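Taking it in order: structure first as structure tokens, then the write-up.
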Amino acid sequence: MNNFKNLRGTVDLLPDQLIKWQNVEKIILEQLFRASIKEIRTPILEMTELFTRGIGEGTDVVSKEMYTFLDRGERSCTLRPEGTASVARALIQNGILNKPPQKLWYMGPMFRYERPQAGRQRQFHQLGVEFVGFESLRSDVEIITLAWDILEKLGIKELNLEINTLGDNTDRSNFQKAFLEWLKVNTNSLDLDSQKRIDKNPLRILDTKNVQTKKLLENAPRLFDFLSEKSLKRYLNIKEQLKILKIPYVENFNLVRGLDYYTHTAFEITSGSLGSQATVCGGGRYDNLINQMGGTETPAIGFAIGLERLILLAGKEVEENRATDIYIVNKGLQAETLAMDLSRKLRNYDLIAELDLSGASFSKQFKKANKLKSKSIIVIGDDEAIKNEFIIRLFNNNNSENKEETISLDDHIKLGNWLDENLLLKRSSINK
RNA sequence: GCGGGCGUCGCCAAGUGGUUAAGGCAGUGGCUUGUGGCGCCGCUAUUCGGGGGUUCGAAUCCCCUCGCUCGCCCCA
């Protein structure tokens, strides 16, 4: 019992679970590929300041959830808690902002030091998409649509899309002024958490879960009323387009999102079947971030999907495993060598060909093939080795005698025909 | 950081103070050393998350501790 254990909040993904992961990833990557979005990979480790300045000191992520440590050179390093800041940094640093606008995606582990619970880990995985250099409201619409379509392609039902707008800088500071005044008057009626936020991050008070504060907020000034004509029009247009595209959404004026850098569009996709951590996708526009981080002013919008939550939601259809096509039963010195050689040839056919390495009795090897639900088997023993041939047989689970065929080891044409006829032309679509 | 629940084999579990810690699944060996299912027969926890205490006696009672889990805060 003194064995090593993984750290709290981290998990091992085992072969059986990874079938689902891989299927999900495959569907996602196809969708991204078709939308002509390119991958970017950035380090998992960054200097701490990237996040404190990029994400914002007042946010929960930065103030209490970061995995931060000093390296051997006494530099403060942080395991990335999200992907956007790193991508922005990489674009600035590599001079990519001078190039045409970029549509990018990334996928990988993120780290947040929190108490784990259902749908929440300390090391978790995100798929992120960032459109950098795009200002048009149609880029907002495409980002939202893309997120929606990915979830739909995975067969996930019962999703709720919530949207809101935060306006531009001017809108926001106008609102903030009025809001702060109102907050000062009402400080004593607010819950404790909200009181603490007045100085740090007043906007976050808007999405408090405290029931009393919520009620109180109904009489507070609304950000929506402070939108400039331009911002308002932008927002209305986005809603209009979503309607045309038949993407169902709900407006949520209190949707603010946790990170500082958002402007204009903010959105979130949730599912009731996830438990209390219901958000599977969150995103929005961040026109200020890149400038704030030292790059030329560049509008951008993006989203992130939590892969663990996605996996929880994805249905049975992505759990399907591809069974072994051919299990090669072999025994005897010469036979084993021939079998090894044959297995390599078979793999040129895009088949799953598994060579039995046990050297156990034929009976055992057959049982193994049966257990694996192998679609067919090949047998090479001493008898076959002498004649330079092998036996191949379809292998139904119900143990009815299946006809078998003997093929010479050199007869590639006969083998190819057999495989075509019995295995290759019967593929289901998901496992191609 | 704060609450609730839970910790008996790889997994699911019975056992709630008397001593050989059920059972099922999985694994493995055999019946059957050149042929699959089913079946049958073996094997697989000196030990109940860890430590201390109470007792003649503890998986069972008490204390501490660790871990897991769900929730709060917040987010993916």
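Here is the naming used below: chain letters follow the sequence lines, and residue numbers restart at 1 for every chain. A quick note: this is a predicted structure, and the numbers were derived from the prediction, not measured.
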For residues 376-392 of chain A, tabulate all N or O donor-acceptor pairs below 3.5 Å that involve a side-chain atom, not counting sequence neighbours.
residue, atom, partner, partner atom, Å
S376(A), OG, D325(A), O, 2.7
E384(A), OE1, G381(A), N, 2.8
N388(A), ND2, D410(A), OD2, 3.1

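- Separation of the P atoms belonging to rG18(B) and rA59(B) is 11 Å when rounded to the nearest angstrom.
- The base of rA76(B) lies outside donor-acceptor range of the side chain of E268(A), with no N or O pair under 3.5 Å.
- Without hydrogens or angle criteria, N330(A) side chain to D356(A) main chain gives a donor-acceptor distance under 3.5 Å.
- The distance between atom CG of L312(A) and atom P of rU69(B), rounded to the nearest whole Å, is 13 Å.
- A heavy atom closer than 4.0 Å to some atom of RNA chain B occurs in R115(A), Q117(A), A118(A), G119(A), R120(A), Q121(A), these being the qualifying members of residues 115-122 of chain A.
- The separation of rA26(B) from rG7(B), taken at their P atoms, amounts to 25 Å, rounded to a whole angstrom.
- Look at CZ on R8(A): it is 9 Å from P on rG1(B), rounded to the nearest Å.
- Atom NZ in K5(A) sits roughly 7 Å away from atom C1' in rC68(B) (whole-Å rounding).
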Ignoring hydrogens and angles, write down the donor-acceptor pairs under 3.5 Å from the side chains of residues 213-221 of chain A, residues two or more places apart or on other chains.
residue, atom, partner, partner atom, Å
T213(A), OG1, D191(A), N, 3.3
T213(A), OG1, D191(A), OD1, 2.3
T213(A), OG1, N210(A), OD1, 3.3

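- Using the six-membered ring where Trp is involved, F224(A) and Y235(A) have ring planes that are perpendicular, over 60° apart on the 30 and 60° scheme.
- At the heavy-atom level, A335(A) lies nowhere under 4.0 Å from the strands shown.
- Nearest-nucleotide mapping onto RNA chain B: of S276(A) and D382(A), the residue sitting toward the 5' end is D382(A).
- Both N6(A) and I269(A) sit near RNA chain B, but only N6(A) has its closest nucleotide nearer the 5' end.
- rC48(B) and rG10(B): their P atoms are spaced 13 Å apart (whole Å).
- The separation between Q277(A) atom CD and rC70(B) atom C1' is 11 Å, rounded to whole Å.
- Atom P of nucleotide rG30(B) and atom CZ of F362(A) are separated by 15 Å, given to the nearest angstrom.
- Atom NZ in K367(A) sits roughly 12 Å away from atom P in rG27(B) (whole-Å rounding).
- When only modelled atom types and interatomic distance are considered, T78(A) and T68(A) share a side-chain donor-acceptor pair under 3.5 Å.
- Among the heavy atoms of the strands lying under 4.0 Å from E114(A) is at least one base atom, whether or not backbone atoms are also near.
- Atom name C1', nucleotides rG27(B) and rA45(B): the rounded distance is 15 Å, in whole Å.
- With a 6.0 Å cutoff to the six-membered ring centre and a 45° limit on the axis angle, R122(A) does not count as a cation-pi contact of Y67(A).
- By the side chain to side chain contact (heavy atoms under 4.5 Å, CB included) test, E142(A) pairs with K103(A), F131(A), sequence neighbours left out.
- Nucleic acid contact class of G381(A) (heavy atoms, under 4.0 Å, all strands): base.
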Between the protein and nucleotides 6-8 of chain B, which nitrogen or oxygen pairs come in under 3.5 angstrom?
none

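- Rounded to whole Å, the distance from CZ on F366(A) to C1' on rC38(B) is 18 Å.
- Using a 4.0 Å cut-off on heavy atoms, the residues of residues 50-68 of chain A that approach RNA chain B are D60(A), K64(A), E65(A), listed by number.
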